[in-house]
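Below, read A as the first sequence line, B as the second, and so on, with proteins coming before strands; counting in each chain starts at 1. Computed from heavy atoms alone, side chains included, the values below leave out hydrogens, waters and symmetry copies.
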Protein chains: 2
Amino acid sequence: MLLDDRKKRILQSIIDDYINTAEPVGSRTVARKHEFGLSSATIRNEMADLEEMGYIKQPHTSAGRIPSDQGYRFYVDQLMKTSQLTVEEMLSIKSALDVKINELNQLLRQISVAMSKITRYTSMAATPERKNSVIKNIQVVPVERGRALVIVITNSGIVKNSLITIPETVTPEYLIFVNNVLNEKLVGLTIEQINMPVISEIEVLISPSQEVLMPILNGVTDCINQIDSSEVYLEGTINMLNYPEFSDVDKVKDFLCLMDKKELLGRMLNELSQNNGSVTIKIGEENKIEKMKDCSLVTTTYRVGNIAIGTIGVIGPTRMDYSKVLAAINFMKSKIVDEVEKFLGKNLDHP
Amino acid sequence: MLLDDRKKRILQSIIDDYINTAEPVGSRTVARKHEFGLSSATIRNEMADLEEMGYIKQPHTSAGRIPSDQGYRFYVDQLMKTSQLTVEEMLSIKSALDVKINELNQLLRQISVAMSKITRYTSMAATPERKNSVIKNIQVVPVERGRALVIVITNSGIVKNSLITIPETVTPEYLIFVNNVLNEKLVGLTIEQINMPVISEIEVLISPSQEVLMPILNGVTDCINQIDSSEVYLEGTINMLNYPEFSDVDKVKDFLCLMDKKELLGRMLNELSQNNGSVTIKIGEENKIEKMKDCSLVTTTYRVGNIAIGTIGVIGPTRMDYSKVLAAINFMKSKIVDEVEKFLGKNLDHP
DNA sequence: TGTTAGCACTCTACCTCATTGAGTGCTAAT
DNA sequence: ATTAGCACTCAATGAGGTAGAGTGCTAACA
């Protein structure tokens, strides 16, 4: 049986109502609140059909209906009206991003903060794998006798450093020499392209003093590892405590334990990350993680030009206000471009 | 009335028991579990005295007694036996610290992680105000046409950087000149000592090109602000959910909201920070923050030589295992020295 | 004088039972 | 096809009743 227009409207009423109130919706409520010009009995018949088709269900016999995962799916795909953020919400996002950003990851973190504030759900963000980052500059700087700093800078403006210990006999001039060799050999490579043959080449050029080269190479790999390692930010976990879905301490505990598993979340986000800028919605059981079957997750990956900012996800009860979350995610996209350009300086990566 | 020896032992029994079970302790339990050779009736009389003196109280008439804040205070000051960590716990701390540390703040974070794991309470850590950090080295490194990196390194091994935009006309040689001036004028100063007169002096030396100097000075102040800004780390908040004190969702919400106020926590920790390495215990109402009146906070400030690592605090229900927390905090202190020396390189700050 | 057995008393936690009300499904009339 | 009407179901609420833990007090005892 296909959903005729009336059934669709009734289903939409039920879901809209349930998203607002978190209470099972009865036939009388639907008849009253939304002016179908139909009696509750008629609505009741339609609701029975909708239930049979799997779009809604009853918590128990004498309760109203609540949407099933399938119901939400249909709602999200076909019924939902796109909504607009209020002016205040837009300003809130703008001001949240209006802080000096020293690092690209910090921007992602700010996005996450703003997102949890606007949606009132929990927001998570994962930095992308930076294997495609191109090394733009390497510096080996003497700090004092026996200590030096290795600095690696990438095209996406990431700066990482590593403090190393070198023999006290090394002269600044020698460090400059090493510096030049490193730049000559490594600049322009993605960090994925740095492998043994490349390293060997460098070793040959600086061959005499293994004792100097080792710590420096270690410093470089340390920096590269830092660049490549994915971080996960989490904001607004306590927002969830305001929803009746989490009025039970065990539920809260389960949720918070899940949110504590940063690696798991990071992997999940990276799996869901799309390259085409689209938004992915996973509703309830559609999530792979068992403990998330009462939650929905809306994710998208932000990128500006060829710079990946990261993947952001909003997690809330399945009863979440999908429309608003989508509005927030899309509005955010339009705001990010400015910030990235401000950070990188125009044309840095559009040569 | 002073506490005679028997009263002390009974009080200790009650508190020990309550710390373990979280259940009000009755006279019979005290008589049975701890072999005083006294009947429950006698214990009952003593308990009535202890209650009158304010060390214990009854939740309601037909319940046993639970310690009051005053009771805990007496326990902590006079009754508590010092305990030792188990071998597993010690190993756990060691392995938690056994990760490559790139920054001093990262060590503090690891300490906090280990502390929450061992105590099973919530651990917070605040980085100290670094106003006394001495600038050891400043580098201005060209990255590409029109972009440069300002790097500031302190005696405590903190490295901060700031990416800046400079006129494309600036030559590398000129940057080296600026670099030398900055080092000459700023190295050896604490960040507190950097003020307008010093800045002016630099301005005079590099006077011709304001356009170059401004972004560089901004970069330097940006780094200094990063160094000086206090960060707060929080670990193991979900541990609290395992205690019956937090079986109520509202309590959980209150607690988590409090833990979300990082600035507040940071200020609190810094206020409690002692320079002499002693441990401060704040029990229940002794805490200034209203919402913490059901919690106790144990804090100490770690420093190695003249390097401040930070202030760490363990927060738990007033019924916390004070003895264990103290043992963990003290054991940690002994382990930190190694890590700091490993990080800074021996003698870096003991010239 | 300190200790203890005994007892009446108090109060929470828990169980059971009845009531209420929201909502349903079905049937018969329109 | 729609709807009024009605019997039915079930969670939520609240009232009583009971059990058990623990107390304070008293009187007897060493």
Expected output: side-chain [X] to main-chain [Y] donor-acceptor under 3.5 Å:
X      : Y      : value
A:T300 : A:S278 : yes
A:Q70  : A:M53  : yes
B:T122 : B:G236 : yes
A:Y121 : A:D321 : yes
A:S273 : A:L269 : no

Report summary line: Between B:E51 and the options B:K7, B:R44, B:R65, the salt bridge (Lys or Arg N to Asp or Glu O under 4.0 Å) test singles out B:R65

Rounded to the Å, how far apart are [X] [atom1] and [N] [atom2]?
X     : N      : atom1 : atom2 : answer
A:K57 : C:dT24 : NZ    : C1'   : 18 Å
B:L50 : D:dG24 : CG    : P     : 12 Å
A:D49 : C:dG25 : CG    : C1'   : 13 Å
A:R32 : C:dA22 : CZ    : P     : 10 Å
B:E51 : D:dC25 : CD    : P     : 11 Å
B:Q58 : C:dC11 : CD    : P     : 11 Å
B:D17 : D:dG22 : CG    : P     : 11 Å

Query raised in the report: Of all residues at least two apart in sequence or in a different chain, which pass the side chain to side chain donor-acceptor pair (under 3.5 Å) check with B:T311?
Result: B:T301

Query raised in the report: Mind checking what makes side chain to side chain donor-acceptor pair (under 3.5 Å) contact with A:T237, not counting sequence neighbours?
Result: none

Report summary line: side-chain contact (heavy atoms from CB on, under 4.5 Å) with B:I56: of B:D49, B:L50, B:V25, only one passes, and it is B:L50

Query raised in the report: Got a sec? Which of residues 59-66 of chain B come in under 4.0 Å of DNA chain D, heavy atoms?
Result: B:T61, B:S62, B:A63, B:G64, B:R65

Query raised in the report: So which of residues 22-31 of chain A are in contact with DNA chain C, with a heavy-atom cut-off of under 4.0 Å?
Result: A:G26, A:S27

Requested in this report: Please work out which residues in residues 38-48 of chain B have a non-hydrogen atom less than 4.0 Å from an atom of DNA chain C and list them by number.
Outcome: B:L38, B:S39, B:A41, B:T42, B:R44, B:N45

Report task. Just do the side-chain contact (heavy atoms from CB on, under 4.5 Å) check on A:D17 and A:V30 with the steps written out, would you? Result -> CA-CA 8 Å; A:D17 225 66; A:V30 175; over 6 Å; no

Report task. For B:E245, check salt bridge (Lys or Arg N to Asp or Glu O under 4.0 Å) against everything at least two apart and list the hits. Result -> B:R319

